[in-house]
Number of protein chains: 2
Amino acid sequence: MSHLINISEAASLALHGLVIVAQQSPDKVNAKYLAEKLNASEAHLAKIFQRLSKSGLIKSFRGPTGGFMLNKPAEEISFLDIYEIVESKIILNNCPLDKAGCTFENCIFGDALKNISQSIYQTFKNIKLSNFIE
Amino acid sequence: MSHLINISEAASLALHGLVIVAQQSPDKVNAKYLAEKLNASEAHLAKIFQRLSKSGLIKSFRGPTGGFMLNKPAEEISFLDIYEIVESKIILNNCPLDKAGCTFENCIFGDALKNISQSIYQTFKNIKLSNFIE
DNA sequence: CTTATTTCAGTATTTAAGTACCAGAATTAT
DNA sequence: ATAATTCTGGTACTTAAATACTGAAATAAG
């Protein structure tokens with residue numbers, strides 16, 4: 001069984017975790033709590049939030065009462081932002097392979113994949129953390 | 001750098017290789033030739049074509065003058081068929097994770113990903129080997 | 001100032017994909 | 001028949017990504 005879209009567990013944990021952080025805002029939320037809420041490994045989740053913190057998307061605080069909180073308004077954080085921090089920058093290319101030496105004159109995929117990639121890109125851009133706060 | 005769409009090198013080799021097979025039809029084409037043409041490892045390509053052969057998409061012949069040829073008309077072979085043989089059956093699901101214990105009442109991704117998956121699915125279905133024969 | 005708690009950073013382990021190897025079976029040509 | 005060629009099937013190696021672990025640093029509270 002395989003999915004057509006590339007979303008790692010890491011990216012999903014980041015998104016879901018940040019939704020929780022946004023919902024609790026302005027309270028801080030720690031890694032242990034998030035891991036429990038998300039049924040996930042605390043180690044894995046901690047690693048991911050470390051990266052989010054380094055990237056400036058969230059602020060972190062150590063010690064008792066420590067935890068994470070957003071570093072900017074929920075309206076300004078999209079799934080695209082999160083995805084690119086966790087996975088890496090997105091390539092919006094026609095050919096899904098980076099193979100330098102493709103021997104075909106015209107890419108077999110035509111424009112089909114470029115269009116789809118762009119549509120996914122827009123979708124990710126439109127998913128904002130603020131969507132999940134009531 | 002990451003792609004939004006999941007296409008392994010194996011799936012790509014299968015598609016590109018089969019295009020060549022279709023173009024040379026009804027001549028047989030062997031693994032060595034294909035690997036050279038595609039700038040790919042012969043071992044890897046041979047393994048992939050073994051699977052395509054087992055699945056009934058192509059016919060294989062051993063011995064000198066051996067090789068591969070299509071087992072049905074090029075119009076009836078889509079990239080979707082190839083993809084599903086090489087990667088595995090596609091899941092058209094909303095949530096890109098198979099996580100059983102998601103703790104969110106409503107899937108964060110809404111219908112967005114289901115729609116996109118379906119659009120990719122259709123695109124793959126519309127790419128036929130016959131498109132590449134002039 | 002001591003203890004408990006939490007993030008941090010580096011490293012290690014696991015898993016999956018890709019690649020390589022090799023002996024065996026089938027087939028063609030000599 | 002014999003030799004050369006090509007697919008087959010199993011296994012093993014390599015590499016990269018994903019995930020897990022562990023000790024150190026920081027902070028808050030008693």
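Computed from a predicted model, the values in this text were never measured in an experiment. Order of the sequence lines sets the chain letters (A, B, ...), proteins ahead of strands, with each chain counted from 1.
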Notebook entry, point to check: Apart from Ile133(A) itself, which Ile, Leu, Val, Met, Phe, Trp or Tyr residues share its cluster (side-chain heavy atoms under 4.5 Å, direct or through members)?
Noted result: none
Margin query: It should be established whether Ser60(B) places a side-chain nitrogen or oxygen under 4.0 Å from OP1 or OP2 of nucleotide dT8(D).
Written below: yes
Margin query: Using only atom types and a distance under 3.5 Å, with no angle test, would you say the side chain of Glu87(B) pairs donor to acceptor with the backbone of Ile7(B)?
Written below: no
Margin query: Quick check against the 3.5 Å criterion: does Asn126(B) have a side-chain atom that pairs as donor or acceptor with the backbone of Gln122(B)?
Written below: yes
Check: Leu52(B) has an atom CG; how far is it from atom C1' of dT8(D), in whole Å?
Finding: 14 Å
Item checked: Nearest atoms (heavy-atom pairs only) where Leu38(B) meets His16(B) -> CD2-CB, 3.7 Å
Report, one line per pair, each donor and acceptor closer than 3.5 Å where one atom sits in a side chain of residues 43-51 of chain A; sequence neighbours left out.
from: Arg51(A); atom 1: NH1; to: Val86(A); atom 2: O; distance (Å): 3.0
from: Arg51(A); atom 1: NH2; to: Ile85(A); atom 2: O; distance (Å): 3.0

Notebook entry, point to check: So what does Ala46(B) hit on the nucleic acid, given a heavy-atom distance under 4.0 Å: a base, only sugar-phosphate, or nothing?
Noted result: nothing
Note to self: Reading DNA chain C from 5' to 3', where do the contacts with chain A start and stop? Cut-off is 4.0 Å to heavy atoms.
What the structure shows: dA4(C) to dT11(C)
Margin query: Regarding Phe49(A), tell me which of base, sugar-phosphate or nothing describes its non-hydrogen contacts under 4.0 Å with the strands shown.
Written below: nothing
Margin query: According to side-chain hydrogen bond (donor to acceptor under 3.5 Å, both in side chains), does anything in residues 68-80 of chain B pair up with another residue at least two apart or in another chain? List the pairs.
Written below: Ser78(B)-Asp81(B)
Notebook entry, point to check: Roughly how many Å is it from CZ in Phe68(B) to C1' in dT5(D), rounded to a whole number?
Noted result: 13 Å
Notebook entry, point to check: Quick one: are Ile108(A) and Phe79(B) in side-chain contact, heavy atoms under 4.5 Å?
Noted result: no
Check: Relative to the 5' end of DNA chain C, which residue comes earlier, Gln50(A) or Gly63(B), by the nucleotide with the nearest heavy atom?
Finding: Gln50(A)
Item checked: Heavy-atom donor-acceptor pair, Lys28(A) side chain to Thr65(A) backbone, under 3.5 Å -> yes
Notebook entry, point to check: Can you tell me how far CG of Leu15(B) sits from CZ of Phe109(A), rounded to the nearest 0.5 angstrom?
Noted result: 5.0 Å
Any N/O pairs under 3.5 Å between the protein and nucleotides 12-14 of chain D? List them or say none.
none

Notebook entry, point to check: Within the distance-only criterion (no hydrogens, no angle test), does the side chain of Ser119(A) pair as donor or acceptor with the backbone N or O of Asn115(A) below 3.5 angstrom?
Noted result: no
Notebook entry, point to check: What closest approach, in Å, do Gln23(B) and Phe132(B) show between heavy atoms, and which atom pair accounts for it?
Noted result: NE2-O, 3.0 Å
Checklist line | Of Gly66(B) and Phe61(A), the one whose closest DNA chain C nucleotide lies more 5' | finding: Phe61(A)
Next item on the list: To the nearest Å, give me how far apart CG (Asn30(A)) and C1' (dA28(D)) are.
Entry: 14 Å
Next item on the list: Could you encode protein contacts along nucleotides 15-25 of chain D as a string, one character per nucleotide from 5' to 3', using B for base contact, S for sugar-phosphate-only contact and - for no contact, with a heavy-atom cut-off of under 4.0 Å?
Entry: ----SBB---B
Next item on the list: Grab the CD1-P distance between Ile48(B) and dG9(D) for me, whole Å please.
Entry: 16 Å
